[in-house]
Amino acid sequence: MSHPLVAAAARGTLPAWAEAGPSRREHIERVRALLDEWAAALDLPPAERARWCAAGVLHDALRDAPPEELRPHLPAKLRELPASILHGPAVAVRLRREGVTDRGLLRAVGFHTLGHPRLDDAGRALFAADVLEPGRKSRPEWRRKLRARFPRRPVEVTREVSRARIAWQLEDGRPLHRHSMEFWNVLARSTPSSPDKGGS
Ligand SMILES: [Fe+2]
Ligand SMILES: [Fe+2]
């Protein structure tokens, strides 16, 4: 049995304490719908499919909260993160405080922006879906192809999203977090070189 907050999220309902405006809620719903579609295509058991949807709904629940209000609630190690990354860990902290014990789900939500070497399948899918959801305007063809490929090649698609995120950070001259690099290393070791050269 999942926690009531997680069960509600799986049905598309944000927690009462969520701070997410209308356009954010639309993004959240697109991420949830994409995760639901992938979980169905992968023929996951109903409970796991619900868990993927819950991760999608919860990941940006505090995205529109003022970052400086979130920062003091985070563990010391995460308190120094850039403002735009604080919302994931903040949701994880809040869910844990509310009694959610699913560590994979907490990690999925907490590290949906950075990535993390120990993300489980739900966490990897959320990491990819957040970037690939169809509402994002840039590189629509790249996103469409990867969305379609995910159910056949989830690790390769996640690897490509991780590669792209890291490339964007390098292009902007921003520092890379250790978890992002370690996540990349895990994915790079478990898949052949570029999926775009390898066929289907
Ligand atoms: Fe986010
Ligand atoms: Fe998001």
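Both ligands and their constituent atoms are indexed starting at 1 by order of listing. Worth knowing before you read on, the calculation uses all heavy atoms, side chains too, and leaves out hydrogens, waters and symmetry mates.
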Visitor: Could you report the tightest heavy-atom contact between H87 and H59, atom names first, then the distance?
Guide: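 The pair with the smallest heavy-atom distance is CD2-O, 3.8 Å.
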Visitor: Please check if the distance between the ring centroids of H177 and H116 is under 6.0 Å.
Guide: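 No, the ring of H177 stays outside the 6.0 Å limit from the ring of H116, centre to centre.
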Visitor: Check whether any N, O or S atom of D130 sits under 2.8 Å from the Fe ion (ligand 2).
Guide: yes
Visitor: Within H27, is some N, O or S atom less than 2.8 Å away from the Fe ion (ligand 2)?
Guide: yes
Visitor: Run the ring-centre check on F183 versus F127 and record whether the distance is less than 6.0 Å.
Guide: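 Yes, the ring centres sit under 6.0 Å apart.
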Visitor: State, with a plain yes or no, whether a side-chain heavy atom of R136 is found less than 4.5 Å away from one of H27.
Guide: yes
Visitor: With respect to the Fe ion (ligand 1), please indicate if D60 possesses an N, O or S atom at a distance under 2.8 Å.
Guide: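 So D60 does bind the Fe ion (ligand 1) by this criterion.
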Visitor: Quick check: does H59 have an N/O/S atom under 2.8 Å of the Fe ion (ligand 1)?
Guide: no
Visitor: E29 and R32: salt bridge (charged side-chain N to carboxylate O under 4.0 Å, His left out), yes or no, with the steps?
Guide: CA-CA 5 Å; E29 171 50 27; R32 187 207 61 77; 2.9 Å; yes
Visitor: Please work out the angle at the Fe ion (ligand 1) defined by atom NE2 of H87 on one side and atom NE2 of H112 on the other, rounded to 10°.
Guide: 90°
